[in-house]
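Owing to the predicted nature of the structure, the values given are computational and were not obtained by experimental measurement. Chain letters run A, B, ... following the sequence lines, proteins first, then strands; residues in each count from 1. Side chains included, hydrogens not; waters and symmetry mates left out as well; all remaining heavy atoms used.
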Protein chains: 2
Amino acid sequence: MFRAVRKLGHMPALPVEESERRSGPLLDHLARRMRLRSESVLAPLGLRPRHLVALTVLRDSAGISQQALAGTLQIDGTNVVGLLNDLEAEGLVERRRSPEDRRRHVVSLTATGAKRLREAECALAVAEDEVLGALEPAERDTLYDLLRRATSGRPVSCVEASGDEPDPIC
Amino acid sequence: MFRAVRKLGHMPALPVEESERRSGPLLDHLARRMRLRSESVLAPLGLRPRHLVALTVLRDSAGISQQALAGTLQIDGTNVVGLLNDLEAEGLVERRRSPEDRRRHVVSLTATGAKRLREAECALAVAEDEVLGALEPAERDTLYDLLRRATSGRPVSCVEASGDEPDPIC
DNA sequence: ACGGATCGTTTGTGTAGCGCCAACCATTTA
DNA sequence: TAAATGGTTGGCGCTACACAAACGATCCGT
């Protein structure tokens with residue numbers, strides 16, 4: 001119905017409604033739903049969503065340093081300590097001093113950690129079914145692959161943005 | 001192919017590494033990165049990630065009631081009030097009393113709201129490029145579509161979980 | 001017409017997640 | 001030997017919520 005909205009100086013007709021297709025907000029939205037649902041099924045296992053994220057990352061990149069972990073997780077180093085304390089207290093994760101640089105802690109999943117992670121993932125299936133109910137199994141599969149690939153990229157680290165000024169666009 | 005997962009009980013040698021393919025944690029992880037990046041590019045527009053989510057939802061389901069909004073957003077009704085206050089104060093959104101039920105407020109995007117949303121989405125492109133750098137443009141497109149479909153489902157509302165007992169699995 | 005339920009709103013309380021700062025040890029590096 | 005670095009601890013503060021209580025306006029069933 002409405003939506004004529006074109007106005008704006010010139011700007012020819014444009015059917016608007018194209019809406020840019022930004023996945024950021026959708027990602028946020030879906031992640032929130034998933035997180036809320038996950039909390040309940042994870043609680044019995046003594047884990048919280050953020051623990052799961054950490055464990056998942058640790059499985060993929062074994063023997064990572066704490067500060068590298070802070071990088072990929074994008075949380076402050078001091079908070080990584082607390083997070084790992086939780087996990088280590090339950091024997092899911094192991095801190096060892098690095099041989100080449102004895103200041104560093106090399107973090108890795110223990111056997112029971114890997115096991116617990118699998119259990120959690122399995123329990124998560126329930127939550128996932130609720131949240132991704134609108135998707136076919138095949139679609140969920142490709143979604144998983146895309147997320148996997150997207151997250152496995154380099155830690156984004158800190159603004160490698162040299163002297164860029166990409167603003168003027170738009 | 002994969003997914004032999006036999007385990008159970010003894011668990012012989014198991015090559016493990018099969019890992020269940022749960023997208024929950026990945027979703028969480030990716031959303032966090034995106035949110036962190038988005039905050040900075042959104043700030044100049046006076047918006048925060050959560051406002052963007054709300055606006056996005058509002059664009060798709062125009063004329064929604066506040067409590068329905070609370071449902072899709074999965075946040076408490078009282079918090080929706082504050083959220084809408086922010087948006088209405090900037091004229092991005094409009095509350096009107098519903099004609100058929102005058103208790104209800106019908107919320108909808110204003111013209112300037114839609115405009116601001118598009119601007120924000122455009123600005124978001126920068127953040128998205130950083131975060132989704134590992135994906136090809138075509139892949140980002142399918143990701144968007146999947147997220148779109150996944151979020152457009154019914155509000156999940158509250159546990160329509162009748163007398164289900166899907167736990168025993170796993 | 002009355003009473004109970006419902007929608008939105010306000011106010012207040014509590015909690016969790018997290019950034020950030022400062023101090024401190026152990027270690028590495030210049 | 002002096003500085004820089006990785007981890008740890010403790011503390012401060014903010015933001016996002018959830019939850020509860022109370023209120024006005026309104027709807028609805030009897």
Tell me which nucleotide among [options] gets nearest to the side chain of [X].
X: A/Val81; options: D/dT26, D/dG6, D/dT8; value: D/dT8
X: A/Asp101; options: C/dT27, C/dT10, D/dT26; value: C/dT27
X: B/Thr78; options: D/dC17, C/dT11, C/dC18; value: C/dT11
X: B/Gln67; options: C/dA22, C/dG8, D/dA20; value: C/dG8

Applying a 4.0 Å non-hydrogen cut-off, can you work out what [X] is touching in the nucleic acid: base, sugar-phosphate, or nothing?
X: A/Arg35; value: nothing
X: A/Arg48; value: sugar-phosphate
X: A/Ser98; value: nothing

Does [X] pair with [Y] as a salt bridge, N-O distance under 4.0 Å?
X: A/Arg140; Y: A/Asp129; answer: yes
X: A/Asp86; Y: A/Arg48; answer: no
X: A/Glu88; Y: A/Arg95; answer: yes

Expressed as a whole number of angstroms, how long is the span from [X]:[atom1] to [N]:[atom2]?
X: A/Arg95; N: C/dA26; atom1: CZ; atom2: P; value: 17 Å
X: A/Asp76; N: D/dT8; atom1: CG; atom2: C1'; value: 12 Å
X: A/Glu88; N: D/dG7; atom1: CD; atom2: P; value: 13 Å
X: B/Leu87; N: C/dG8; atom1: CG; atom2: P; value: 16 Å
X: B/Arg32; N: C/dA16; atom1: CZ; atom2: C1'; value: 13 Å
X: B/Asp86; N: C/dT9; atom1: CG; atom2: P; value: 13 Å
X: B/Arg97; N: D/dA25; atom1: CZ; atom2: C1'; value: 7 Å
X: B/Leu36; N: D/dT15; atom1: CG; atom2: P; value: 16 Å

Scan side-chain atoms only and decide if B/Ser65 and B/Gln67 contain a donor-acceptor pair under the 3.5 Å cut-off. no
Side chains of A/Arg96 and A/Ser108: do they bring a donor and an acceptor to under 3.5 Å? yes
Compare side-chain N and O positions of [X] against OP1 and OP2 of [N] and report whether any pair is under 4.0 Å apart.
X: B/Gln66; N: C/dT9; result: yes
X: A/Asn85; N: D/dT9; result: yes
X: A/Arg102; N: D/dT5; result: no

Side-chain-base donor-acceptor pair under 3.5 Å for A/Arg103 and D/dT5: yes
